[in-house]
Amino acid sequence: MPFVTISPKPNRNEAVEYYRRVAEKFDLNIHLFERVQQVVKNNHDVFEITTSKTNYTAANVIVATGFYDVPLLMNVRGEDLPKVTHYYKDPHLYAFQNVVVVGANNSGVDAALETYRKGANVTMVVRSGELGPHVKYWVRPDIQNRIKEGEITAFFNSELLEIRESEVDIKTPEGIRTIPNDFVIAMTGYQPDFSMLRKFGIELPESLCPAYNAETMETNVKGLYLAGVVCGGLDTHKLFIENSRVHAEMIVKNIVG
């Protein structure tokens, strides 16, 4: 199924539209808003899947959950306030607001640039001394120039100390800074739901990289496969759409074989 776009890179809306049309064309059997709670093999070597709505049986199961299930918390006072989010979606929500973006990898940079362009007063808080090494090469000059021109404020080698209803405290090399704040977008990273993988019987060594065969994507549980970013454990930056699409072919080839 070709993915045609008029831009150098497809955007999120184009991608979602493409996936939806593929699902419709092939009449895929998709059950949405249904969380998988357990996957176990019975005495007949068949998987029994329990979800939040019903039960299924299957000869094979593929886990392709990505890594957005569990956000990495900052563990600072006020992180539980309603104005704090670890999942950024619509930049228009933050128009004309004082916004703090925590993190300087792709998600943090995208949030900073998009909210800035919708009229937000954006401050970035970055733990290291520079932007993340994996920031997309076509985006890096944009955020660098916004910071250089003072259109986005960036505190490097810094971290949030406390979040309150109308302000935040930032620990910087020059001391603690208190600034007005309406929203905090914490793009501090995510990790797969490791407890779920363990519950399914998948081995997780100390590195938290799930056990699987790199040639077939089959885990230590026969018939149970992994696909996509979930395979990387904590190294979520190593796998993405472009280099994990091959997982589907490898899995199907192994199942058919």
Chi angles and distances behind the side chain to side chain contact (heavy atoms under 4.5 Å, CB included) call for Q191, L72
CA-CA 7 Å; Q191 66 182 30; L72 300 177; 3.5 Å; yes

Just so I know, are the side chains of [X] and [Y] near enough to count as touching, which here means a heavy-atom distance under 4.5 Å?
{"X": "M217", "Y": "N254", "result": "no"}
{"X": "F200", "Y": "Q38", "result": "yes"}
{"X": "V139", "Y": "L113", "result": "yes"}
{"X": "T85", "Y": "V184", "result": "no"}
{"X": "V63", "Y": "M196", "result": "yes"}
{"X": "D110", "Y": "K136", "result": "yes"}
{"X": "N220", "Y": "I202", "result": "yes"}
{"X": "V126", "Y": "F155", "result": "no"}

Just one of [options] clears the side chain to side chain contact (heavy atoms under 4.5 Å, CB included) bar with [X], so which one?
{"X": "D182", "options": "Q97, E167, E165, K83", "result": "Q97"}
{"X": "L160", "options": "T188, N181, I170", "result": "I170"}
{"X": "N121", "options": "V100, N98, V99, I179", "result": "N98"}

Counting neighbours of [atom1] on [X] that are heavy atoms of other residues, nucleotides or ligands and sit closer than 6.0 Å, is the number greater than 12?
{"X": "R20", "atom1": "CZ", "value": "yes"}
{"X": "F3", "atom1": "CZ", "value": "yes"}
{"X": "H44", "atom1": "NE2", "value": "no"}

Any side-chain donor-acceptor pair under 3.5 Å between D90 and H92?
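Yes, side-chain donor-acceptor contact under 3.5 Å.
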
Give a yes or no on whether the ring-centroid distance for H247 and Y225 is below 6.0 angstrom.
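Ring centres of Y225 and H247 not closer than 6.0 Å.
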
Would a line drawn from the ring center of Y190 to the ring center of Y87 be shorter than 6.0 Å?
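Close enough - the centres of the two rings lie under 6.0 Å apart.
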
Counting N and O atoms only, with roles assigned by atom type, does the side chain of [X] sit under 3.5 Å from a partner on the main chain of [Y], one being a donor and the other an acceptor?
{"X": "T51", "Y": "T54", "answer": "yes"}
{"X": "K222", "Y": "D45", "answer": "no"}
{"X": "T219", "Y": "L224", "answer": "yes"}
{"X": "E79", "Y": "N75", "answer": "yes"}
{"X": "N145", "Y": "P141", "answer": "yes"}
{"X": "N105", "Y": "S107", "answer": "no"}
{"X": "E218", "Y": "G223", "answer": "yes"}
{"X": "R140", "Y": "G132", "answer": "yes"}

Going from [atom1] on [X] to [atom2] on [Y], what distance comes out if it is rounded to the nearest 0.5 angstrom?
{"X": "R177", "Y": "K171", "atom1": "CZ", "atom2": "NZ", "result": "16.0 Å"}
{"X": "I176", "Y": "D169", "atom1": "CD1", "atom2": "CG", "result": "6.5 Å"}
{"X": "Y116", "Y": "I147", "atom1": "OH", "atom2": "CD1", "result": "11.5 Å"}
{"X": "F156", "Y": "E130", "atom1": "CZ", "atom2": "CD", "result": "8.5 Å"}
{"X": "R127", "Y": "N157", "atom1": "CZ", "atom2": "CG", "result": "11.0 Å"}
{"X": "N213", "Y": "M250", "atom1": "CG", "atom2": "CE", "result": "7.5 Å"}

Is [X] linked to [Y] within one hydrophobic cluster, defined over Ile, Leu, Val, Met, Phe, Trp and Tyr using a side-chain heavy-atom separation of less than 4.5 Å?
{"X": "V61", "Y": "V36", "result": "yes"}
{"X": "F47", "Y": "I255", "result": "yes"}
{"X": "Y68", "Y": "V229", "result": "yes"}
{"X": "Y18", "Y": "V16", "result": "no"}
{"X": "V102", "Y": "Y88", "result": "no"}

Sidechain N-carboxylate O distance under 4.0 Å for [X], [Y]:
{"X": "D193", "Y": "R198", "answer": "no"}
{"X": "K53", "Y": "E34", "answer": "no"}
{"X": "K253", "Y": "E249", "answer": "no"}
{"X": "R117", "Y": "E114", "answer": "no"}

Going through the checks in order, is the side chain to side chain contact (heavy atoms under 4.5 Å, CB included) test met by I185 and T115?
CA-CA 10 Å; I185 304 174; T115 53; 4.2 Å; yes

Candidate pair M1 and F26, rule side chain to side chain contact (heavy atoms under 4.5 Å, CB included), full reasoning:
CA-CA 11 Å; M1 294 295 294; F26 293 101; 3.7 Å; yes

What closest approach, in Å, do [X] and [Y] show between heavy atoms, and which atom pair accounts for it?
{"X": "E14", "Y": "V4", "value": "OE2-O, 4.5 Å"}
{"X": "C209", "Y": "L204", "value": "C-CD2, 4.1 Å"}
{"X": "Q37", "Y": "S52", "value": "NE2-CA, 3.6 Å"}
{"X": "S158", "Y": "P173", "value": "OG-CD, 3.6 Å"}
{"X": "A112", "Y": "I143", "value": "CB-CD1, 4.4 Å"}
{"X": "P192", "Y": "V70", "value": "O-CG2, 4.1 Å"}

With side chain to side chain contact (heavy atoms under 4.5 Å, CB included) as the criterion, how do V230 and L197 come out once you've worked through the C-alpha distance, each side chain's angles and the decisive distance to 0.1 Å?
CA-CA 10 Å; V230 70; L197 298 181; 4.1 Å; yes

Students often mix this up, so state it plainly: with edges at 30° and 60°, are the rings of F183 and Y94 parallel, tilted or perpendicular?
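Perpendicular.
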
